[in-house]
Amino acid sequence: MTTDDHIVFIVDDDARLREALSELLDSHGIRAAAFGSAGEYIGANKPDIPACLILDVELPDINGLDLQRQIAKGDHPPIVFITGHGDIPSSVRAIKHGAVDFLTKPFSDADLMAAIEVAIAEDRERRSARAELGVLKRRYRELTPREREVLPLVVSGLLNKQAAAELGISEVTLEIHRRNVMQKMAASSLADLVRIAERLEIPITHSRRAGVNRA
């Protein structure tokens with residue numbers, strides 16, 4: 001019985017190989033969807049679940065390595081390349097651009113399943129990280145304009161007195177904003193808030209030392 005919480009996409013122009021791989025995955029309880037070309041894969045509706053892409057290097061419409069490059073900027077499953085004409089430059093290029101593995105036909109079932117396991121685990125981690133980042137972005141959007149000014153000053157290490165002076169507000173008011181930022185961002189500590197700011201790529205333009213020098 002196959003599971004629906006992850007899937008493996010197969011893109012290969014060899015119908016017999018597609019069938020064999022689909023049967024292999026089914027025997028391991030893994031759902032599979034097979035395509036004969038890159039165009040078919042790109043145009044297909046794909047479930048939004050953890051996945052792996054088994055991709056042949058030589059395809060009838062586009063080179064697998066070129067497809068890897070084209071989809072690199074989007075959210076795509078980790079790739080396991082398969083090829084009957086492997087060469088070192090191609091494998092280096094594939095791995096350099098994020099492929100999980102580069103298998104030369106004939107490859108063993110064990111090697112393929114091991115690569116697929118790594119790829120799906122990697123995709124789960126990516127999806128978890130994206131989901132966490134999405135939550136952080138929503139929380140950040142809930143901050144007031146003033147709280148967004150306070151956040152980078154707090155995580156830069158400025159004392160309340162220094163941050164308040166930078167914004168031209170009282171320390172009491174700064175402390176209120178700081179507390180609101182901590183609560184809205186669900187930060188358990190200053191270190192946690194610093195981690196959140198790093199994830200959101202909030203630029204830090206001040207430092208405690210710089211504040212002292214200006215005083």
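Note: hydrogens, waters and symmetry copies are ignored here, and every other heavy atom, side chains too, is used. Worth saying up front: this structure is predicted, and the values here are computed from it rather than measured.
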[atom1] of [X] to [atom2] of [Y]: how many Å apart, nearest 0.5 Å?
X: M185; Y: L143; atom1: CE; atom2: CG; value: 5.5 Å
X: R148; Y: E142; atom1: CZ; atom2: CD; value: 10.0 Å
X: C52; Y: L112; atom1: SG; atom2: CG; value: 7.5 Å
X: E19; Y: D12; atom1: CD; atom2: CG; value: 13.0 Å
X: F102; Y: I79; atom1: CZ; atom2: CD1; value: 11.5 Å
X: L133; Y: Y140; atom1: CG; atom2: OH; value: 13.0 Å

Is it true that a side-chain atom of N63 and a backbone atom of L65 form a donor plus acceptor pair closer than 3.5 Å?
yes

Donor-acceptor contact below 3.5 Å, side chain Q162 vs main chain L158
no

Please check if [X] and [Y] belong to a single hydrophobic cluster, counting links between Ile, Leu, Val, Met, Phe, Trp and Tyr side chain heavy atoms closer than 4.5 Å.
X: I116; Y: I49; value: no
X: M182; Y: V150; value: yes
X: I42; Y: I7; value: yes
X: V11; Y: V57; value: yes
X: I202; Y: V154; value: yes

Between [X] and [Y], what is the shortest heavy-atom contact and its length?
X: P152; Y: P203; result: CB-O, 3.8 Å
X: R18; Y: F35; result: CD-O, 3.2 Å
X: A51; Y: P78; result: O-CD, 3.5 Å
X: Q68; Y: A94; result: NE2-O, 3.1 Å

Item to check | Atom CD of Q183 with >12 non-hydrogen neighbours under 6.0 angstrom | outcome: yes

*When you look at E175 and N160, which way does the side-chain hydrogen bond (donor to acceptor under 3.5 Å, both in side chains) test go after all the steps?*
CA-CA 7 Å; E175 180 57 37; N160 286 349; 2.8 Å; yes

Sorted by chain and number, sequence neighbours left out, side-chain contact (heavy atoms from CB on, under 4.5 Å) with Q70 holds for I62

Applying side-chain contact (heavy atoms from CB on, under 4.5 Å) to V155 and not counting sequence neighbours gives L151, L193, V194, A197, I204

I would like to know whether I120 and V8 meet side chain to side chain contact (heavy atoms under 4.5 Å, CB included); could you show each step before the answer?
CA-CA 8 Å; I120 291 177; V8 173; 4.2 Å; yes

Could you tell me which residues satisfy side chain to side chain donor-acceptor pair (under 3.5 Å) with [X], sequence neighbours excluded, listed by chain and number?
X: H76; answer: none
X: S108; answer: D111
X: D109; answer: none
X: T173; answer: S170

For residues L190 and R178, determine if any side-chain heavy atom of one lies less than 4.5 Å from a side-chain heavy atom of the other.
-> yes

Test item: S90 and T83 side chains (from C-beta on) under 4.5 Å apart, heavy atoms:
no

In short, salt bridge (Lys or Arg N to Asp or Glu O under 4.0 Å) pairs touching residues 181-194 with sequence neighbours left out are E147-K184, D192-R195

So salt bridge (Lys or Arg N to Asp or Glu O under 4.0 Å) across residues 53-67, not counting sequence neighbours, yields D56-K105, D66-R93

Given side chain to side chain contact (heavy atoms under 4.5 Å, CB included), test I10 with L17 step by step and report yes or no. CA-CA 10 Å; I10 304 166; L17 181 59; over 6 Å; no

Quick note, side-chain hydrogen bond (donor to acceptor under 3.5 Å, both in side chains) partners involving residues 121-131, not counting sequence neighbours, are D5-R124, H6-R124, D48-R127, E122-R126, D123-R127

Contacts satisfying ring-ring contact (aromatic ring centres under 6.0 Å, His included) that involve residues 167-194 (not counting sequence neighbours) are none

Those residues at least two apart in sequence (or on a different chain) that pass ring pair (Phe, Tyr, Trp, His ring centres under 6.0 Å) with F9 are Y41

Tracing side-chain contacts under 4.5 Å among Ile, Leu, Val, Met, Phe, Trp and Tyr outward from V172 reaches I176

Dump the intermediate steps for side chain to side chain contact (heavy atoms under 4.5 Å, CB included) on R31 and L25, then the final yes or no. CA-CA 7 Å; R31 178 182 173 190; L25 292 167; over 6 Å; no

Check: Would you call R146 and E149 a salt bridge, taking side-chain N to carboxylate O under 4.0 Å as the test?
Finding: yes

Only residue of R138, R199, K137 satisfying salt bridge (charged side-chain N to carboxylate O under 4.0 Å, His left out) with E132 is R199

